Every structure is written in structure tokens, then in C-alpha cells.
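Take a look at the structure below.
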Amino acid sequence: MGVSRRECAKIIGVSEAAIRKAIKAGRITAHPDGTLDPEAVREAWIRSTDPARTAVRTGSQGAHAPLVAPDIQAQAAAKAQLATTRVGEILLAEGVVVEGELTFNHARTAEKIVQTWQRDQAHAKEQGRLILAEEAERRWADEVVQMRARLLAIPGECAFELSHLSKHDLSVIDRIVRDAMTAAADVQPA
């Protein structure tokens, strides 16, 4: 079965110019009437071309798309949706407004933004401006303990500074401070 150069180029996934160059160079041969056998051209192309530099579809990459199990398709679709969402979030964080669907340029911009963030983070870590989460947690716990001690000392300081207060007045101050601490401890993080 012979087809034109244009049809053969579409079938195997290269340009018509590439087909003409391959015929001229002798890498593929045409029938006497000038038509080409797409399978013979594909095989000749594969034999005479570096696979890393060719766009020719081979094997399961041919004219028909390979069948993929539905669960694999669903998993791939979910991952693609996650990636698209993440790219959108990154762009939004930097104030880039995306109208319509995301493009390759949007993804490339997001990639450059993340690379910049990583470089800034590494630089901050080198300068000692960035600490590990465990270190931050330990420092925060130390601050909370110190704040608790300062708050619990308020009634005693009031008794020292305001000697005219009765024991009942000091117990009211103590209760108010403890109630405030309890309320602060019960606040759910946002």
C-alpha cells in the first residue's frame, strides 16, 4: 500500500520535509510511482536515526493510542489535577493572575518561582535566619513557660505594690489572671 509523502509524514509523526531529506539521503526509498509504504519508512527511519533525536512513533506509540487500564487513567488524572492546582496556588501566591486554562508557560513560571523560593530558603538557612521546626517549637514552649510564670506573678506584684489591697482583692486578681490564661489556652488555632 503506497501513500503520499504528506500522508506518510502524518502517519509516522515527522514533517514532510524530513521525509524528502531522508529520501534524498537514501535512508528511505520510495516506490517507482513516488508513493511510500509507511511501515517500511518507519522501520528504515528507526534503523538509520538516533532514537533520542527522532519524533517517529514506534511500537505502541504508533497511530493508535495504547490502551490504559481505567484505574491508571484515574490515578493519572488525579495527579494531573493536583499538579495543576499546585501550579495555580504557586502563581496566586506570587500575584500572577491566570485567566483561562493553565499553559506550559504558566507551569514554567511556577517552576522558576519555586526555584527562587528554594534558593532564598537555602540562603536564609546559611545566614542563620531559618531554623528547624523542632527548634522553633522548643523556643516557643520556652516562651510560653516564661509568659505563664510572669502572669502568675501578677497577684504577688500587686500585693507588693498596692499594700492597701485586701486578701479578697488579691484573690480576685489571681482568679482574673488564671481565667485569662485558661481562656487563652482554650482558643483553637485558626
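As the structure is a prediction and not an experimental result, all values here were calculated from the model.
In Arg138, the CZ atom is crowded: over 12 heavy atoms of neighbouring residues, nucleotides or ligands sit closer than 6.0 Å. Annotation: Glu94, atom CD; neighbour count of heavy atoms from other residues, nucleotides and ligands within 6.0 Å is above 12. Under a cut-off of 6.0 angstrom, the local environment of CD in Gln146 is crowded, with over 12 non-hydrogen atoms contributed by other residues, nucleotides or ligands. For Met181, the CE atom is densely surrounded, since the number of other residues' heavy atoms within 6.0 Å is greater than 12.
Checked for salt-bridge contact, Arg139 and Glu143 miss the test: no charged N lies under 4.0 Å from a carboxylate O. By the 4.0 Å N-to-carboxylate-O rule, Glu16 lies too far from Arg5 to be salt-bridged with it. Under a 4.0 Å N-O distance rule, the pair Glu7/Lys10 does not qualify as a salt bridge.
Judged by distance alone, the side chain of Asp169 and the main-chain N or O of Ser166 form a donor-acceptor pair under 3.5 Å. Looking at Thr85, its side chain does come within 3.5 Å of a backbone N or O of Gln81 through a donor-acceptor pair.
Proximity of Leu36 to Thr29: side-chain heavy atoms (C-beta onward) are nowhere separated by under 4.5 Å. Side-chain contact check for Thr109 versus Val87: every heavy-atom pair is 4.5 Å or farther apart. Inter-residue side-chain proximity for Val97 and Leu91 is flagged as unmet; no heavy-atom pair is nearer than 4.5 Å. Considering only heavy atoms from C-beta on, Leu151 comes within 4.5 Å of Met147 through its side chain. Between Arg108 and Lys112, the closest side-chain pair of non-hydrogen atoms falls below 4.5 Å.
A side-chain donor from one of Thr103 and His106 sits under 3.5 Å from a side-chain acceptor of the other. Using modelled atom types and a 3.5 Å distance limit, the side chains of Asp33 and Thr35 yield a donor-acceptor pair.
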